Amino acid sequence: MTAEEVKIKNLTINDSLEEEDVVTPWSVESTVDTGIDYDKLIKRFGSSKIDEELLQRFEKLTGKKPHHFLRRGIFFSHRDMHTILNLYEQGKPFYLYTGRGPSSESMHLGHLIPFMFCKWLQDVFNVPLIVQLTDDEKSIWKNIKIEDAITLAYKNAKDIIACGFESRNTFVFSNLEHIGSNPAFYQNMIRIQKCVTYNQVKGIFGFGDSDPIAKISFPPTQAAPALSSTFPFIFKDIKAHCLIPCAIDQDPYFRMTRDVAPRIGHPKPALMHSTFFPALQGSKTKMSASDDNTAIFLTDTAKQIKNKINKHAFSGGQATVEEHRKIGGNCDIDISYQWLRFFLEDDERLEELRKGYTSGEILTGELKKELIDVLQKVVATHQENRSKVTDGTLQEYMRPRDLGFISKK
Ligand code: TRP
């Protein structure tokens, strides 16, 4: 595609001629150091803000303090969360659905965010979780061989399971392997495909005339797991509600799903959207699987973590210590602080760091040290958990089976 074509495509998706952030499932770009303007995105996408009132209702109903991702606005937007809370209030079950496009062998820290959140939601609500590995998607978009994409899906599945999910209520599957053995899945894909025109899919995703039809027919594959009848071995004939935690770039898929679901006899899935986890080099840039220095991988050693952060973490501090002490640092653009918001659970400590850094009392090196300590622990724990996930464990999570959904009704 030429630069002009890319521009036209993004304009179609963004519906505007202004210089706006680009947020699509394939590209996320902003022009300022503070990153994407998320409030604007809520307006543009027509979703709702996760506000104080929703969090209070959440806490009142569940008796649990909202996760720090919620308290800090990392999961910041939603669709129909009140419907989910109503169901919970009435003692009716629902299920969680999320996924991952396995494009690299080793996942990085940013990939953990939706799974950490799902684990917590699962514990709070005691509901099943379905994890879709879109190896088909990655094979199509990244031109990876089918066989290799499946291998990546399996490797990533181990990292996902290592986040603490239990096999009694978690089903993980690879599209390329599972769909062919599950007629209900294919049938729902066709039901969805019948409801969406080429014009609509072009408008939603920006596909062009020269895109392979594999891309054009992919979205129903990601939509289908949001309908409970896709998994008869879990839900029998129950039309269960679905809640999808995901990064906001995945919303186009689910806008389409929400439009189609009622037309084929299903409730619209509810959603919780997260912000993006910024690259080490700053919120303007993206983490890239091809540049090792933009992210911390779950396979990195303690030493690599330390070196990457010390060398590459974008600093919101001043050029000299004297200046820094005088003017202070800018937490809004400082990656060490931004990453600590994701991984340092202790609210008081985080606030101490924010105040200290902003006033200039805390130096960039000290903030980095704090982040290094936190992440070395997170990654070491993950590596230990992952080493316990054997091929046999994997098979258990990936086997289509009853997850005890019915008995809880
Ligand atoms: N398309 C997503 C990705 O590339 C993977 C995915 C599939 C997903 N189903 C999902 C993500 C549901 C969130 C929710 O990462």
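This one's a predicted model, so the numbers in the text were calculated from it and none came from an experiment. In listed order, ligands and their atoms are each counted from 1.
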For [X], counting its heavy atoms only, list the atoms of ligand 1 lying under 4.0 Å from any of them.
{"X": "I244", "result": "14 (C)"}
{"X": "T134", "result": "5 (C), 7 (C)"}
{"X": "R100", "result": "5 (C), 6 (C), 15 (O)"}

Exercise. For ligand 1, does F218 get within less than 4.0 Å through its side chain, its backbone, both, or neither, judged by non-hydrogen atoms?
Worked result: neither

Exercise. Side chain, backbone, both or neither: which part of K138 comes within less than 4.0 Å of ligand 1 when only heavy atoms are counted?
Worked result: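 Side chain only; the backbone of K138 stays clear of ligand 1.
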
Problem set entry | Option set G99, P25, G101, criterion heavy-atom distance to atom 6 (C) of ligand 1, minimum | G99

Exercise. Hey, would you say the F171 and H178 ring centroids sit under 6.0 Å apart?
Worked result: yes

Does any N or O of ligand 1 fall below 3.5 Å from an N or O anywhere on [X], backbone included?
{"X": "Y97", "value": "yes"}
{"X": "T98", "value": "no"}
{"X": "E137", "value": "yes"}

Whether [Y] and [X] form a salt bridge (side-chain N of Lys/Arg under 4.0 Å from carboxylate O of Asp/Glu) is what I want to check.
{"X": "D159", "Y": "K155", "result": "no"}
{"X": "E53", "Y": "R57", "result": "no"}
{"X": "E366", "Y": "K369", "result": "no"}
{"X": "D292", "Y": "K308", "result": "no"}
{"X": "K355", "Y": "E352", "result": "no"}

In terms of residue, atom name and distance, what is the protein heavy atom nearest to [atom]?
{"atom": "atom 7 (C) of ligand 1", "result": "Q132 OE1, 3.2 Å"}
{"atom": "atom 13 (C) of ligand 1", "result": "C246 CB, 3.4 Å"}
{"atom": "atom 2 (C) of ligand 1", "result": "Q250 OE1, 3.3 Å"}

Exercise. Quick one: are W120 and F115 in side-chain contact, heavy atoms under 4.5 Å?
Worked result: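 Not touching, per the 4.5 Å side-chain cut-off.
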
Problem set entry | Residues T134 and E137: side-chain donor-acceptor under 3.5 angstrom |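 A donor-acceptor contact under 3.5 Å links the two side chains.
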
